[in-house]
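Worksheet: the structure to be examined is printed underneath.
Values below: every heavy atom of this structure, side chains too, minus hydrogens, waters and symmetry copies.
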Amino acid sequence: MPIRGLKSFTRLTYLANILEYRDNPDESTVNHFIDGAFTTAFPRGLKLELIDTYIQTQEPPLIDDVLGESFRRRERKTNDFRVSITTPRYFSRFESKVFYSHYDITYEGIESASYTEQTIGEELSYELFPKVNTLFQIDVGKTKYDDGSQDGTFYEFLLGMKFQETAKTTGEFKTGYRIREYEDDDFDTFKGLVLSLNSRTQLTALSAVSVSLRRSQEESVFTEGRNYYELNALSVSYERKITSKIQAKLTNYYQLLNFPSQEQDEDEIDEFVWGIRASLHYTIKPWLFSDVNYWTEDRDVSPEDSGRFGRKKNVVTFTMGMSF
């Protein structure tokens, strides 16, 4: 953006996903995705970033996984607004960032699942070595449901490191502690270790490997009598540029969800998911491309009478796209 004395950038994206079913026309729908961002850098290192993402869809994730096919076409609206301010570097090796987010999600006709969550946080980083930073982060948030059922507050304290093109590796590692408290005594307060790792290593000029690792405690809305679960997830991706116009990517991922028992005579619920995604991208012309994607996933739930569902997926998609 031509703003005198400032380095500014803006983005606005709109996508309409139109689904038409021949055999079940009443299931046809149009999903809308809108994304906007504005970033500007002031003198002396002060930086402002605004991001807003709006989604209106009738394919909410997880609802059909938990409650069955009867909820698969329930409309969902989400709006995610984030603002972050990077403060000037008053000390040569320190950088500070303050951020705020407002996340709103509404399910048509399901008040117990619709909620608003606001989070404020601070991230302080220190340049330990060139291109290696240590960081400290604290997040505080409040969640309010439309029916007031699971209103609560959460706190998160994290320590970690950032790698910037060190030995061809870019990434971020964080670990810390999370606490979520509820206003209603019927819901258990949960707390525990959280850990995340995201890294990308450029093996050669043509290939790269990405690794994502996560351990956390996540809130559960659709599992009756259990308001949270332990999540352990691992994802490994390999990217290869085959020719100047053809790129391939292969991803293998695993997830283990554990729902602790909240009554003395209850069993724990374990859900194990593994999957593979493969894609091939072909740049036909600078403005024309095509994609072929394959996705297989297997989810196993135990015990079988837990009320949750196992599932197997095999999906193949072909896409033609244009860019201007």
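- Counted within 6.0 Å of NZ on K142, heavy atoms from surrounding residues, nucleotides or ligands total more than 12; the atom is thus considered enclosed.
- Considering all non-hydrogen atoms of both residues, F129 and E127 come closest at O-CG, 3.3 Å.
- Considering all non-hydrogen atoms of both residues, Y107 and S114 come closest at N-OG, 2.9 Å.
- Remark: the E230 side chain and the N232 side chain contain no N/O donor-acceptor pair separated by less than 3.5 Å.
- Under the 4.0 Å criterion applied to side-chain N and carboxylate O atoms, E181 and K191 are not assigned as salt-bridge partners.
- Between E218 and R178 there is a salt bridge, since a side-chain N of the basic residue sits under 4.0 Å from a carboxylate O of the acidic one.
- Counting heavy atoms from C-beta outward, V194 and Q217 have side chains that approach closer than 4.5 Å.
- Tested against E297, the residues R311, R277, Q255 include a single side chain to side chain donor-acceptor pair (under 3.5 Å) partner, R311.
- By the 30° and 60° cut-offs, the orientation of the rings of Y126 relative to F94 is tilted.
- Of the charged side-chain nitrogens involved, none lies within less than 4.0 Å of a carboxylate oxygen, so that K47 and E95 do not count as a salt-bridged pair.
- V209 places a side-chain heavy atom less than 4.5 Å from the side chain of V211.
- A side-chain contact (heavy atoms from CB on, under 4.5 Å) with Y115 holds for exactly one of T106, D151, D146, I105; it is I105.
- Closest heavy-atom contact between S199 and T169: CB-CG2, 4.4 Å.
- Once rounded to the nearest 0.5 Å, the distance linking CZ of R82 with CG of D80 reads 4.5 Å.
- Under the 3.5 Å distance criterion, with hydrogens and angles disregarded, a donor-acceptor pair is assigned to the side chains of N314 and Y294.
- At least one side-chain heavy atom of F81 sits under 4.5 Å from a side-chain heavy atom of L50.
- Of the residues S235, S210, S212, the one that meets the side chain to side chain donor-acceptor pair (under 3.5 Å) test with N198 is S212.
- With a 4.5 Å cut-off on side-chain heavy atoms, T119 and Y103 do not count as touching.
- A salt bridge links K162 and E123; the closest N-O separation between the charged side-chain nitrogens and carboxylate oxygens is under 4.0 Å.
- Closest approach of L124 to S96, counting heavy atoms only: CD1-CB, 4.1 Å.
- Side-chain atoms of T10 and T40, non-hydrogen and from C-beta on, never get closer than 4.5 Å to each other.
- Counting only heavy atoms from C-beta outward, the side chains of M320 and I284 approach each other to under 4.5 Å.
- With 3.5 Å as the limit, one finds a donor-acceptor pair spanning the side chains of E117 and T143.
- Aromatic ring orientation, Y228 versus F190: parallel (interplanar angle below 30°, classes split at 30° and 60°).
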